[in-house]
Amino acid sequence: MNIYLTIMVTVLVLTQIVRIVQNTIQLRRQYKLFQAQLGQLDDITQEDLDVQRRAYRLIVDHFERKGSEA
């Protein structure tokens, strides 16, 4: 009976170790992807944000005029 319990506990511990390793690998991949995407944010300038705001306002104005025509 003790041998059976020892084997079962060993199997459970090994599966938990495998899960921890898999989670660590997944977190490392996510971290690398996050850092790469964060690096792309450095390229955004204030001028880019201003252009985006102006374009959004123009789009809203356009659709408001279309809505009032209907």
Side-chain angles (χ1 to χ4, degrees):
M1 183 69 169
N2 283 339
I3 293 175
Y4 176 75
L5 289 176
T6 305
I7 292 171
M8 290 306 295
V9 168
T10 304
V11 168
L12 290 174
V13 168
L14 288 176
T15 57
Q16 290 303 312
I17 291 171
V18 168
R19 290 184 68 200
I20 289 171
V21 170
Q22 287 174 335
N23 287 342
T24 303
I25 291 169
Q26 184 64 25
L27 286 174
R28 182 175 290 279
R29 286 179 185 160
Q30 288 178 356
Y31 178 76
K32 287 180 181 179
L33 180 62
F34 177 75
Q35 290 299 323
Q37 290 175 344
L38 191 61
Q40 292 175 354
L41 291 179
D42 291 340
D43 297 340
I44 297 174
T45 64
Q46 186 61 39
E47 181 182 356
D48 295 332
L49 296 173
D50 293 339
V51 168
Q52 185 178 8
R53 282 188 196 106
R54 194 170 85 226
Y56 177 76
R57 287 186 194 121
L58 288 171
I59 291 168
V60 169
D61 290 342
H62 172 77
F63 283 114
E64 284 178 349
R65 277 187 263 121
K66 283 276 192 180
S68 64
E69 291 176 5

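Side chains are part of it too, since the values below use all heavy atoms of this structure and drop only hydrogens, waters and symmetry mates.
- Residues that satisfy the side chain to side chain contact (heavy atoms under 4.5 Å, CB included) test with Leu5, not counting sequence neighbours, are absent from this structure.
- Under the 4.5 Å side-chain contact rule for hydrophobic residues, Ile3 and Val11 share a cluster.
- Within a 6.0 Å radius of CD in Glu47, other residues, nucleotides and ligands contribute 12 heavy atoms or fewer.
- When hydrophobic clusters are built by joining Ile, Leu, Val, Met, Phe, Trp and Tyr residues whose side-chain heavy atoms come closer than 4.5 Å, directly or via intermediates, Tyr4 is not grouped with Val13.
- In this structure, a donor-acceptor pair under 3.5 Å is absent between the side chains of Asp48 and Gln52.
- Leu49 and Leu41 fall within a single hydrophobic cluster, where Ile, Leu, Val, Met, Phe, Trp and Tyr side chains are chained together by heavy-atom contacts under 4.5 Å.
- Considering CZ of Arg57 and CZ of Arg54, their distance stands at 10.0 Å, rounded to 0.5 Å.
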Applying side chain to side chain contact (heavy atoms under 4.5 Å, CB included), run through Arg28 and Thr24 and close with a yes or a no. CA-CA 6 Å; Arg28 182 175 290 279; Thr24 303; 5.5 Å; no
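- Atoms CD1 and CD1, on Ile25 and Ile20 in that order, are 12.5 Å from each other to the nearest 0.5 Å.
- Remark: Gln26 CD to Gln22 CD distance equals 9.5 Å, nearest 0.5 Å.
- Within a 6.0 Å radius of CG in Leu38, more than 12 heavy atoms belonging to other residues, nucleotides or ligands are found.
- Note: Met8 CE to Thr10 OG1 = 10.0 Å, rounded to the nearest 0.5 Å.
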